[in-house]
Amino acid sequence: MLIASIFGTFLSFILMGITHSLAVLFVARGLDGLTGGNISIAQAYISDVTDEKNRSRGLGIIGAAFGFGFIIGPALGGILSRWGYNLPVFIAAGLALINLS
């Protein structure tokens, strides 16, 4: 499920980057919404594979990474948008592809 979720995010970013249509942009965002359960799936996995002693540490690391992404992502997107509005989307797609492998 996690791989399918990340692949859906990758496809939606590629679709967002190549489109010039508002309708296709909404379809891409809808696709990412349908497959965007990455955090929930990762939390469930961590809860399943860790013992009770280390569970809070594992979930804390996921929360910290999520918060770090909220801080760095918009700033990086703003910087990259100087070279075109599609570049941040393609960089995000590349990161999703790296995450997929």
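For clarity, every value in this text was computed on a predicted model and none was experimentally measured. Start at 1 with the first residue, then count along the sequence.
Remark: Ile72 CD1 to Ile79 CD1 distance equals 9.0 Å, nearest 0.5 Å. Interatomic distance, Leu76 CG to Ile91 CD1, rounded to the nearest 0.5 Å: 7.5 Å. Rounded to the nearest 0.5 Å, atoms CD1 (Ile98) and CD1 (Ile6) are 12.0 Å apart. Taking CE of Met16 as the start and CZ of Phe13 as the end, the distance is 6.0 Å to the nearest 0.5 Å. Asp48 CG to Gln43 CD: the interatomic distance, rounded to the nearest 0.5 Å, is 12.0 Å. To the nearest 0.5 Å, the span separating OG1 on Thr9 from CG on Asn99 amounts to 9.0 Å.
Using modelled atom types, no side-chain atom of Asn54 and backbone atom of Arg57 make a donor-acceptor pair closer than 3.5 Å. Side chain of Asp32 to backbone of Ser12: no donor-acceptor contact under 3.5 angstrom is found. Between the Thr19 side chain and the Leu15 main chain, no donor and acceptor come within less than 3.5 Å of each other.
Side chains of Leu59 and Ser47 form a contact here, defined as non-hydrogen atoms less than 4.5 Å apart. With contacts defined as side-chain heavy-atom distances shorter than 4.5 Å, the pair Leu2/Tyr45 does not qualify.
The same ILVMFWY cluster, assembled from side-chain heavy atoms under 4.5 Å apart, contains both Leu11 and Ile18. Hydrophobic clustering (ILVMFWY, side-chain heavy atoms < 4.5 Å, transitive): Leu97 and Leu31 are in one cluster. By the criterion of side-chain heavy atoms lying less than 4.5 angstrom apart, applied directly or through intervening Ile, Leu, Val, Met, Phe, Trp or Tyr residues, Leu100 is grouped together with Met1 in one hydrophobic cluster. Taking hydrophobic clusters as Ile, Leu, Val, Met, Phe, Trp and Tyr residues chained together by side-chain heavy-atom distances below 4.5 Å, Tyr85 does not share a cluster with Leu25.
Nearest heavy-atom pair across Pro88 and Ser81 is CG-N, 3.9 Å. Nearest approach of Thr50 to Arg55, heavy atoms of both residues: O-NH2, 3.0 Å. Nearest heavy-atom pair across Ser5 and Ile41 is CB-CD1, 4.2 Å. When all heavy atoms are compared, the tightest approach of Gly69 to Pro74 is O-CD, 3.9 Å.
Using the six-membered ring where Trp is involved, Phe7 and Phe10 have ring planes that are tilted, between 30° and 60° apart.
Shown here is Ile3, whose CD1 atom has no more than 12 heavy atoms of other residues, nucleotides or ligands within 6.0 Å.
Screening Leu80, Leu95, Ile14 for a side chain to side chain contact (heavy atoms under 4.5 Å, CB included) involving Phe90 leaves a single residue, Ile14.
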